[in-house]
Amino acid sequence: MRFEIIPGAAKDHYLLRDVENGTQAEIFTFGALLNQFSVPVGPGTAQRVNVIDGFVDSAAARAEITNGFHGAKLSPYVCRLHEGSFDFEDKSYKVKGHYMGDSAIHGLLFDATFAVSSTHVDEEKAILSLWYQYNTTEHGFPFPYSIEVIYKLTADRGLQVTTNVTNAGKTNMPLNDGWHPYFKLGQSIDSASVRFDSKELVEFDDALLPSGKTSIYQNFHLFKVFGDTELDNCFTLNRPAYNEDLPAFEIKDESVGLSIGIYPDDAYPFLQIYTPPSRESIAVENLSSIPDSFNNKTGLITLKPGESRVFNTTYKLTLL
């Protein structure tokens, strides 16, 4: 069989592997996060490059997740939620998530442990499905929902990540969805070349919350060396969806011999990009809405009882 799935000894992580070309993805049940997406490169493909800036193991992920939220699932809200408060259908709520300053950040599931619901391998793909049921009122978000995260590794060195959210309650619920992976190639992102298909920059105030204004942003429509560029910004994308002809975001490093392309579907019309102080990696976040959407309503999804919403993005590695 060309593809295989190898569970860790404690079954807290799973390795999806393409035996033929050596591409592999490691997924933790903790947070359903992607901790490794790697491929052999170089002469004789002796060197393996992992493009994910992740953790030593799942125990480290549990201990360190709030230090940068590497790989975190962003649900039911993305990025910052001003003062952790929002109004929805004539009621007021305040969440008890993780706070940075005055804002709750990155949702309520970043430290949830998912269950493996199914696995599948054949000659064309390896699929791992993870599932979690949110059903608590203690976080100040009293809207039960189920979430399924499906990873599919394919023969073209692609990794499709699908999220399926279903409202399990008896009332409407507000929803955003997103991811918070950090990508790396060489020692620093400064020497890498970057291109992304932005239409507008969502302008932020001093608290990194949307101000209600946007401005044209085309600085990286063509590849250029990233250099000392600093970003902690949200962008609208030019296309409703992306496929093989053009990624929404791409980063490459000729010295490493590898590029990464990101291809979101129309469920992710926004891209958040963040450069951490270390500059060893870059966070590229597919988002269904802009930050603080529970308050500003831009991109906010209202999910009816029993209704589901599906979100897709694909990460693809290319040897240079």
Next on the checklist: Determine whether Phe226 and Ile251 satisfy the following criterion, side chain to side chain contact (heavy atoms under 4.5 Å, CB included), listing intermediate values before the conclusion.
Outcome noted: CA-CA 9 Å; Phe226 199 63; Ile251 182 170; over 6 Å; no

Checklist entry - How far apart are the C-alpha atoms of Phe249 and Tyr242, what are their side-chain angles, what is the distance that settles it, and do they pass the side chain to side chain contact (heavy atoms under 4.5 Å, CB included) test? => result CA-CA 10 Å; Phe249 178 96; Tyr242 290 81; over 6 Å; no

Next on the checklist: Could you go through Leu34 and Val161, starting from their C-alpha distance and side-chain angles, then the distance that decides it, and tell me whether this counts as side chain to side chain contact (heavy atoms under 4.5 Å, CB included)?
Outcome noted: CA-CA 10 Å; Leu34 173 65; Val161 188; 5.6 Å; no

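Here Tyr274 sits in one hydrophobic cluster together with Tyr182; the rule is ILVMFWY side chains under 4.5 Å apart, joined directly or through other members.
A donor-acceptor pair under 3.5 Å is absent between the side-chain atoms of Ser146 and the main chain of Gln133, judged by distance alone. Between the side chain of Thr23 and the main chain of Asp18, no donor-acceptor pair closer than 3.5 Å is present. One N or O on the side chain of Ser293 and one on the backbone of Thr298 form a donor-acceptor pair closer than 3.5 Å. In this structure, the side chain of Asn167 engages the main chain of Lys304 through a donor-acceptor pair within 3.5 Å. Of the possible polar contacts, one joining the Thr136 side chain to the Glu138 backbone as a donor-acceptor pair under 3.5 Å is found.
Note that the CG atom of Asp253 and the OG atom of Ser193 stand 7.5 Å from one another [nearest 0.5 Å]. Distance check, rounded to the nearest 0.5 Å: OG1 of Thr236 to CG of Leu201 gives 8.5 Å. Rounding to the nearest 0.5 Å places NZ of Lys199 at 10.5 Å from NE2 of His221. Separation of atoms CG (Leu287) and CG (Leu271) is listed at 7.5 Å; rounding is to 0.5 Å. Atoms OG1 and CG, from Thr171 and Leu303 in turn, are 10.5 Å apart once rounded to the nearest 0.5 Å. Atom-to-atom distance recorded for His139:NE2 and Lys94:NZ is 15.0 Å, nearest 0.5 angstrom.
When all heavy atoms of Pro305 and Gly169 are compared, the pair lying nearest together is CB-O, 3.4 Å. Considering every non-hydrogen atom in both Phe3 and Glu123, the closest pair reads CE1-O, 3.7 Å. Closest heavy-atom contact between Gly84 and Tyr99: CA-OH, 3.3 Å. Between Ser281 and Pro276, the shortest heavy-atom distance links the atoms O-CD, 3.2 Å. In terms of heavy atoms, Asn238 sits closest to Ser198 at ND2-O, 3.1 Å. The two atoms that bring Pro291 and Phe204 nearest to each other are CG-CZ, 4.0 Å, heavy atoms only.
Remark: Phe235 pairs with Phe196, Tyr217 by the ring pair (Phe, Tyr, Trp, His ring centres under 6.0 Å) rule, at least two apart or across chains. Every ring pair (Phe, Tyr, Trp, His ring centres under 6.0 Å) that Phe143 has, sequence neighbours left out, goes to Phe88, Tyr93, Phe141. Residues forming a ring pair (Phe, Tyr, Trp, His ring centres under 6.0 Å) with Phe37 (at least two apart in sequence, or on another chain): none. Checked against ring pair (Phe, Tyr, Trp, His ring centres under 6.0 Å), His98 has the following partners two or more places apart in sequence or in another chain: Phe69. Legend: residues meeting salt bridge (charged side-chain N to carboxylate O under 4.0 Å, His left out) with Glu20, ordered by chain and number and at least two apart, are Arg2. Here Arg157 pairs with nothing under the salt bridge (charged side-chain N to carboxylate O under 4.0 Å, His left out) rule; sequence neighbours left out.
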Could you list the donor-acceptor pairs under 3.5 angstrom formed between side-chain atoms of residues 309-317 and any protein atom two or more places apart in sequence or on another chain?
| from | atom 1 | to | atom 2 | distance (Å) |
| --- | --- | --- | --- | --- |
| Asn312 | OD1 | Thr162 | OG1 | 2.3 |
| Asn312 | ND2 | Asp265 | OD2 | 3.4 |
| Thr313 | OG1 | Asn286 | OD1 | 2.7 |
| Lys316 | NZ | Glu244 | OE1 | 2.7 |

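Applying the salt bridge (Lys or Arg N to Asp or Glu O under 4.0 Å) test to pairs two or more places apart or on separate chains, those with a residue in residues 212-241 are Arg239-Asp245. Screening residues 100-118 for salt bridge (Lys or Arg N to Asp or Glu O under 4.0 Å) gives no qualifying pairs among residues at least two apart or on separate chains. The side-chain hydrogen bond (donor to acceptor under 3.5 Å, both in side chains) pairs that include a residue from residues 58-87 are Asp12-Ser58, Arg62-Thr113, Lys73-Thr163, Lys73-Asp177, Ser75-Tyr145, Asp87-Ser92, where partners are two or more places apart or lie in different chains. Screening residues 25-41 for side-chain hydrogen bond (donor to acceptor under 3.5 Å, both in side chains) gives Gln24-Gln36, Glu26-Asn35, Gln36-Ser38, Ser38-Arg48 as the qualifying pairs, with residues at least two apart or on separate chains.
Environment of NZ in Lys96: sparse, with no more than 12 heavy atoms of neighbouring residues, nucleotides or ligands closer than 6.0 Å.
When side chains are defined from C-beta on, Phe183 counts as touching Ile262, because their heavy atoms get closer than 4.5 Å. Under the 4.5 Å side-chain criterion, counting only non-hydrogen atoms from C-beta, Tyr134 is not in contact with Pro76. Between Ile150 and Ser129 the shortest side-chain heavy-atom distance falls below 4.5 Å.
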